[in-house]
Amino acid sequence: MTLPGRSPAHPGPGAGNTRARYRRILRFAAWHLAVVWWFELFLPRIGLARLAVRSRSRRMRNFAQRFHALAVELGGLMIKVGQFLSSRLDVLPPEITAELEGLQDEVPPVPFADVRALAESELGSPLDRVFAWVDETPVAAASLGQAHRARLLPEAAADVAFAGVIVKIQRPGIEAIVDVDLAALRKVGGWLSHIRLVSRRADMPALVEEFAHTSLEEIDYLHEAAQAERFADEFAHNDAVAVPRIVWERTSRRVLALEDVTAIKITDLEGLRAAGIDPAEVAPAFGAVMFDQLFGSGFFHADPHPGNIFVTPTAQPVAGRPWKLTFIDFGMMGDVPPGTRRGLRKLLIAAASRDGRGLVAAIGEVGVLLPTADTAELERAMTHLFARFGGMGFAELREVDPREFRDFAAEFGDVVRSLPFQLPENFLLIIRAMSLTSGVCSSLDPKFNLWDTVEPYAAQLIREERGSIVQDVAQHALDAATTAVRLPGRLDGLVTRLEDGSLAVATPRLERQVARLERTARRAISALVFAALLIAGALVRPDDQVLGTVLMSVSVLPLLHGLLAGRRRL
């Protein structure tokens, strides 16, 4: 296995460089694991736990800074590892996540001659026979690949009805680098699985495989192209959302050609105003589109940072606006299963209702919290959060004393890290998507209040859920009615068996007890049917006044039956 390249971030060819990279990662991990063992396990055993506690924060920061430097030097998946770990608030302390949070793709672009060779090998033809021209200066460079502007040949342009394209090309040798990095990470994950301090908080081999799955999807451009087309299909009904078209004849696993849809960057306020677009109108539209993805189909863009969203002016108004939102870069997408989506709907409703206890219950339903989790402290923290900050817009939050934020963040972080849970990858992608959405919206409009977008969606979800609730209540009413019909017959059968001697009775007192049981059962069933019909009528009446009134009126019959039946037999 060879790793072609030119710099420390792009090792030169040869198995020696492969082994050197592998050993470099393992040495870094082994040293810092030894430090953790010394301070967190050995010193407490010999009575020096206070020494470990005093130096813990500094040691965590030092580790994060050294990992940051290693990631920038090696490139490859190491930068992705840092970005991935920065969001694992359930696993890592804040000293590490805060340092890695700002880690970006800080690697230089690959020389064009190298990426040209790879692209020509993938496409099976010289670039000048595939494209009319290709700009040698990349539009963007990242740790896994880089993008160049190009123009299709006239014949190809006529076939797809556009000429300008963006060509994404993988870094030469990146697949081999990914293999080496994943092998090293799997080794480190195995080490960590044998450390009780870590294993009781996280399944590290599972986390590594979770990261590997996401990374391997990102370097498969055929997969990204398919994701882009699926996203386009999801929004085919919405003219206010645009997606670049794929040039499949110029696309492979390591080369992706797609329509150049470059327009105004969503956070370019001056550019928006120059085009006659009010940034304050873009914010709620963008938030609404992201909610459509998360709570509609469940297939959502998991990396909606400003560089991946354009505002495209249109000649004709679209949905009453002279612009539309254009999404690009579909390498990181989230797909929420139906069960998780139902839990998320309840979570959104609880958030909009400022219901801390309901929010924690919804988090448990999503599957984040283990059944053994003691949620009392988390419920208290969420209730405190809603009571103090619930409903505030970004402008209002800026006026809150920063010390209050810091105190609450520290308290809330301790509560979260003390609970036995581990966020699944899709849930992390949801948090990432919503965090980026909030950041983009607040940069567009400092007065933007995310609650103004959340609450209409929650109201819509409640209306949608009402139909399901009515069906459930109707089913319970039917079950109760069925029980009401069957149970007296069963009790009569029991009495008959007692009377004909097929069931021996030792004393007449038992007959009186059975009769009393029968009367109690009849009254309880009548009360149950009365309550079911009354609740069903109350739920249905706002949407169907006639049916709701009928159900509520009919509920009087079982109520009277229960009262009169009881009096007749007293």
Side-chain angles (χ1 to χ4, degrees), residues 71 75-89 97 100-107 139-147 166 168-171 174-175 178 181-182 185 207-235 241 243-244 246 251 253-254 256 258 261 265-266 286 289-294 297-310 325-337 340 344 423-440:
L77 282 188
M78 290 299 100
I79 287 178
K80 296 295 181 183
V81 169
Q83 294 173 340
F84 179 81
L85 293 178
S86 69
S87 61
R88 299 305 310 215
L89 300 178
T97 57
L100 299 182
E101 187 177 14
L103 185 63
Q104 300 296 326
D105 288 350
E106 302 170 17
V107 293
V139 178
S143 61
L144 303 182
Q146 60 193 49
I166 296 292
K168 291 180 64 174
I169 306 171
Q170 279 187 10
R171 285 181 173 267
I174 193 62
E175 290 181 330
V178 168
D181 291 354
L182 289 178
L185 291 173
L207 287 179
V208 172
E209 292 308 318
E210 178 181 317
F211 174 71
H213 177 74
T214 301
S215 301
L216 293 174
E217 283 188 345
E218 277 199 74
I219 63 172
D220 183 353
Y221 286 164
L222 288 175
H223 182 266
E224 180 177 343
Q227 299 270 64
E229 291 206 334
R230 179 182 171 188
F231 189 85
D233 289 341
E234 295 289 351
F235 282 93
V241 176
V243 179
I246 307 299
T251 296
R253 287 190 68 254
R254 299 195 288 175
L256 172 61
L258 64 162
V261 293
K265 184 178 176 181
I266 192 169
F286 175 57
V289 169
M290 291 304 299
F291 274 111
D292 280 342
Q293 297 171 44
L294 287 164
S297 66
F299 182 66
F300 65 96
H301 198 299
D303 195 23
H305 65 73
N308 286 339
I309 316 293
F310 295 120
L325 293 170
T326 302
F327 288 75
I328 64 171
D329 194 348
F330 301 92
M332 187 184 296
M333 303 294 293
D335 205 344
V336 187
T340 303
L344 288 174
L423 298 179
E425 171 65 11
N426 270 347
F427 205 79
L428 285 175
L429 293 180
I430 291 168
I431 294 173
R432 174 181 174 81
M434 292 313 303
S435 175
L436 289 171
T437 299
S438 298
V440 170

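The first residue in the sequence is number 1, and the count goes up from there. Atom set for the values below is all heavy atoms of this structure, side chains included, hydrogens, waters and symmetry mates excluded.
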- Message: I need the single residue from L325, I328, I266 that forms a side-chain contact (heavy atoms from CB on, under 4.5 Å) with F310. Which is it?
- Response: I328
Which distance, rounded to the nearest 0.5 Å, do you find between the [atom1] of [X] and the [atom2] of [Y]?
X: D303; Y: I309; atom1: CG; atom2: CD1; value: 8.5 Å
X: L144; Y: I219; atom1: CG; atom2: CD1; value: 7.0 Å
X: R253; Y: H223; atom1: CZ; atom2: NE2; value: 11.5 Å
X: I79; Y: S143; atom1: CD1; atom2: OG; value: 5.0 Å
X: Y221; Y: L258; atom1: OH; atom2: CG; value: 10.5 Å

- Item | Flag, side chain of R171 to backbone of A141, donor-acceptor distance under 3.5 Å | no
- Message: Checking the side chain of Q293 only, and the main-chain atoms of H301 only, is there a donor and an acceptor separated by less than 3.5 Å?
- Response: yes
Which heavy-atom pair separates [X] from [Y] by the least distance, and what is that distance?
X: F231; Y: F299; value: N-CE2, 3.7 Å
X: I430; Y: F300; value: CG1-CZ, 3.5 Å
X: Q227; Y: F330; value: CB-O, 3.7 Å
X: V243; Y: A228; value: CG1-O, 3.6 Å
X: P304; Y: M290; value: CG-CE, 3.9 Å
X: E234; Y: S297; value: OE1-CB, 3.2 Å

- side-chain hydrogen bond (donor to acceptor under 3.5 Å, both in side chains) partners of D181, counting only residues at least two apart: R21
- Item | Residue list, side-chain hydrogen bond (donor to acceptor under 3.5 Å, both in side chains) with E224, at least two apart or on another chain | K168
- Query: Does a side-chain heavy-atom distance below 4.5 Å link V241 with D292?
  - Reply: no
- Message: With side chain to side chain contact (heavy atoms under 4.5 Å, CB included) as the criterion, how do M333 and R230 come out once you've worked through the C-alpha distance, each side chain's angles and the decisive distance to 0.1 Å?
- Response: CA-CA 11 Å; M333 303 294 293; R230 179 182 171 188; over 6 Å; no
- Message: Run E175 and D220 through side chain to side chain contact (heavy atoms under 4.5 Å, CB included) and show every step you take.
- Response: CA-CA 10 Å; E175 290 181 330; D220 183 353; over 6 Å; no
- Task: Would you tell me whether H213 and E209 have side-chain atoms, one donor and one acceptor, within less than 3.5 Å of each other?
- Result: no
- Message: Checking L256 against I246 for the side chain to side chain contact (heavy atoms under 4.5 Å, CB included) test, could you report, in this order, the C-alpha distance in whole Å, the side-chain angles of both residues, the deciding distance, and whether it holds?
- Response: CA-CA 8 Å; L256 172 61; I246 307 299; 4.3 Å; yes
- Item | side chain to side chain contact (heavy atoms under 4.5 Å, CB included) assessment of M332 paired with N308 | CA-CA 11 Å; M332 187 184 296; N308 286 339; over 6 Å; no
